[in-house]
Each structure stands twice: as structure tokens, then as C-alpha cells.
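What follows is a set of notes on a single structure, which appears directly below.
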Amino acid sequence: MDSTISSFEHHLRDNAGKVEAVLSRLLADARLNDEIARPARLLEAMRHGVLNGGKRLRPFLVMETAALLGGNADAALRIGAALECVHCYSLVHDDLPAMDDDDLRRGQPTVHIAFDYATAILAGDSLLTYAFDIIAAPETDLPADRKMELVLALSRAAGIGGMAGGQALDLAAEKVTPDEQGITTLQAMKTGALIRFACEAGAIMAGASAGDRQRLRSFGEKIGLAFQLADDLLDLTADAATMGKATGKDAARGKGTLVALHGREWAETTLARLVSEAAGLLSGYGDKADVLVETARFVANRKN
């Protein structure tokens, strides 16, 4: 491992620790104003689904794009935590038997296995709702109009036209394999939309220009594609111990992927192209964008 990658991964782990600490505080026992109570078992299930390690890539992107454009670092940490709540809710629900039916997540039992199906559903519901609480709360030090923009952008990324809709398309793909455009649309919604939001959020927080916001949004779209392509490669080549979850399930269910369609060599070439295009989008920022460019490389080359 060269020194650049080592330094980057240290930075990623350091930020993940900060996000974990914020999430731990947000999921503490003490109730907030206007909360009547925090049921212990539900809160424990939420913690199980959230406080279980992970790279915290999406919060990292929020924090780094905000830093690039001069956004409030403390607010970025909270927005990143809110986004991680949405991401973790999606994992809790995706793991359910009615969805992807997984028993393992990040190397530990999934929430419905550790608790029960109903508690897992409620934990996911609560995490999704809490995300918007975190954004709107007075502790998130941002102007009200920027909070409103963040709520709107996250809603669009997470809902019917984004992640949730992508999961619906993914379930349908088990019955009828989509064509290449269908696979691309599914992946842009299920996986790409939250990564796109993570990058655009920094620009929204900083009150950046329309041009900056579009560049960061496009960067997020590129690395979202790269993330899913790398994931599909890993699903074919990595083992469950490395991934911390079951592998080979898409192929077993007959789901189409771009890797299955075009092959490993095409996927690796495409990943290199996406990283180059992502880096090109940020070239105008000079050295200030180095961490984000390194993030694009990390996404494409990750091993789990």
C-alpha cells in the first residue's frame, strides 16, 4: 500500500470515528424535547443497525464537499450523520426476508435476526424519520433555507424516485431481468442517489453557486456508478468473510448486473474511466480537491 492510500484511509477512519461518536450521542437513552419516551428495545435495535462500524463513506463525502466549498464543519458532521441514518435504515429493511433476505451485515447478525422482524421494521422507520429531525433541529447550525433545500434533496434521493424506488426495481429484477438501461436506472436509484446527495449536500450547506453545486452533483453521480460497479465485481470475486455479508446472491437470483452483461475486463476499464471523469470534474479546484479525487479512486478499488 503506498503512502497516499495509507494517509487517505487513515483520514477516512478518523472521520468515521467522528461520525460514530455523533451517531452514538444521537441514539442515547435521553429523550429529546417533545419525545414522550424512547422504547429501550427499539433504541437498542436502532443502535445495532447503525453503531456497527462501516466506512461511513456517505458522511465522509458530505464533510469533504462541505470543506472544499467552505461549509460549516460541525453542521456537515450532523448532516452526514442524518444521511447515515437513511443509509442504515435502507440496510435494515433490505436485509428483511421480504426483501434481500440476509442474515449477516458488516460481519454481525442483521437486525431482524438479532431482534425480530417487527422491531427491524420499526427501527428502519425510526432511523428514516430521525434523519430529517437531525437536519431540522436547532443544533444543526445552518440557515433555514439551506435546511429546507437539504430536506428536499434528501427526500428526492431516498424516496420513490431514488433509493426506495430503486429497491422496488431491484425486487422486480428477480422476476424479469432488465436490459442494460434498466440495470443502469435501477443502480442509479438504489445506490447512486444517496451518494449523489452526499456530494451535493456540501454545496448546498456552503451556499455555493449553481455551477459548483452541479459539478459536485455530477461528481457524486460518477462515483455512485463506480461504487455499484465495484460492488458487483466484489459480489463475484470476494468471499463473505471479506465482505461481511453474503456474496454471489445476485447471480443466484438471476439478477442482471453490468458486470454479468459485459464481463470483468469491461468493468475494470469502465471503473478507470469513471475515476478519470470524476477527477476531471474537480480539476478547477486544484489541490483542495485531492481528498475527493482520492475518494473516487478508493471507491473504485475497494476490497470490501
Side-chain angles (χ1 to χ4, degrees), residues 11 15-16 18-23 25-27 32-35 50 56-90 126-165 188-189 191-224 278 281-282 284-286 288-289 291-292 295-296:
H11 184 43
N15 277 28
K18 293 176 183 177
V19 173
E20 191 93 3
V22 169
L23 288 166
R25 289 196 297 272
L26 289 165
L27 294 171
L32 304 180
N33 290 341
D34 295 323
E35 289 183 345
V50 174
R56 311 299 184 188
L57 176 66
R58 291 156 191 80
F60 183 79
L61 287 166
V62 175
M63 295 158 73
E64 289 300 327
T65 53
L68 176 69
L69 298 171
N72 180 319
D74 289 338
L77 189 52
R78 285 182 59 87
I79 298 303
L83 176 55
E84 192 70 359
C85 285
V86 174
H87 174 56
C88 291
Y89 123 75
S90 77
S126 299
L127 287 168
L128 175 60
T129 308
Y130 199 15
F132 297 100
D133 178 320
I134 295 164
I135 295 172
E139 291 83 1
T140 302
D141 186 14
L142 289 171
D145 60 336
R146 293 183 196 172
K147 289 184 179 182
M148 183 176 69
E149 285 189 70
L150 288 164
V151 166
L152 178 59
L154 183 53
S155 299
R156 296 281 168 88
I160 187 172
M163 182 183 64
M189 292 169 68
T191 303
L194 286 192
I195 293 175
R196 180 197 73 200
F197 169 81
C199 296
E200 190 175 4
I204 295 171
M205 289 177 51
S209 69
D212 281 327
R213 182 167 170 176
Q214 184 57 53
R215 271 187 290 277
L216 270 297
R217 178 188 175 95
S218 297
F219 174 80
E221 289 170 346
K222 296 288 184 189
I223 66 170
L281 285 165
L282 303 184
Y285 300 110
K288 291 194 299 182
V291 173
L292 286 171
T295 307

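From Glu221, atom CD reaches atom CD of Gln214 across 7.0 Å, with rounding to the nearest 0.5 Å. With rounding to the nearest 0.5 Å, the separation of CG in Leu68 from CG in Leu292 is 6.0 Å.
In terms of heavy-atom proximity, Ala66 sits nearest to Ala76 at CB-CB, 3.8 Å. Contact between Thr65 and Gly202 at its shortest, heavy atoms only, is OG1-CA, 3.3 Å. In terms of heavy atoms, Pro59 sits closest to Gly80 at CG-O, 3.3 Å.
For residues 126-139, the side-chain hydrogen bond (donor to acceptor under 3.5 Å, both in side chains) pairs, not counting sequence neighbours, are Arg38-Tyr130.
Every side-chain hydrogen bond (donor to acceptor under 3.5 Å, both in side chains) that Arg56 has, sequence neighbours left out, goes to Glu20, Glu84. Residues passing the side chain to side chain contact (heavy atoms under 4.5 Å, CB included) test with Leu281 are Ser218, Phe219, Lys222, sequence neighbours excluded. With sequence neighbours excluded, the residues forming a side chain to side chain contact (heavy atoms under 4.5 Å, CB included) with Ala131 are Ala82, Cys85, Val86, listed by chain and number. The side chain to side chain contact (heavy atoms under 4.5 Å, CB included) test applied to Asn15 returns His11, Lys18, Phe60, Met63, Glu64, not counting sequence neighbours.
By the 4.5 Å heavy-atom criterion applied to side chains, Ile195 and Ile223 are counted as neighbours. You'll find the side chain of Asp141 stays beyond 4.5 Å of the side chain of Arg78, heavy atoms only. Counting heavy atoms from C-beta on, the side chains of Leu142 and Ile135 never come closer than 4.5 Å. Between Leu61 and Leu83 there is no side-chain heavy-atom pair separated by less than 4.5 Å. For the pair Thr295 and Val291, the minimum side-chain heavy-atom distance is below 4.5 Å. For the pair Leu154/Leu194, a side-chain contact is recorded, criterion being any heavy-atom separation below 4.5 Å from C-beta on. Counting only heavy atoms from C-beta outward, the side chains of Met163 and Tyr89 approach each other to under 4.5 Å. Contact check for Ile79 versus Ile204: no side-chain heavy atoms found under the 4.5 Å cut-off.
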message: Before you tell me yes or no, could you show the steps for Leu216 and Leu69 under side chain to side chain contact (heavy atoms under 4.5 Å, CB included), namely the whole-Å CA-CA distance, both residues' side-chain angles and the distance that decides it to 0.1 Å?
response: CA-CA 10 Å; Leu216 270 297; Leu69 298 171; 4.2 Å; yes
With a 3.5 Å cut-off and sequence neighbours excluded, list the donor-acceptor pairs that the side chains of residues 144-152 form with protein atoms.
from	atom 1	to	atom 2	distance (Å)
Arg146	NH1	Met205	O	3.0
Lys147	NZ	Ala136	O	3.3
Lys147	NZ	Ala137	O	2.8
Lys147	NZ	Thr140	O	3.0
Glu149	OE1	Arg213	NH1	2.6

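None of Ile134, Leu27, Leu77, Asp74 except one satisfies the side chain to side chain contact (heavy atoms under 4.5 Å, CB included) rule with Val22; the exception is Leu77.
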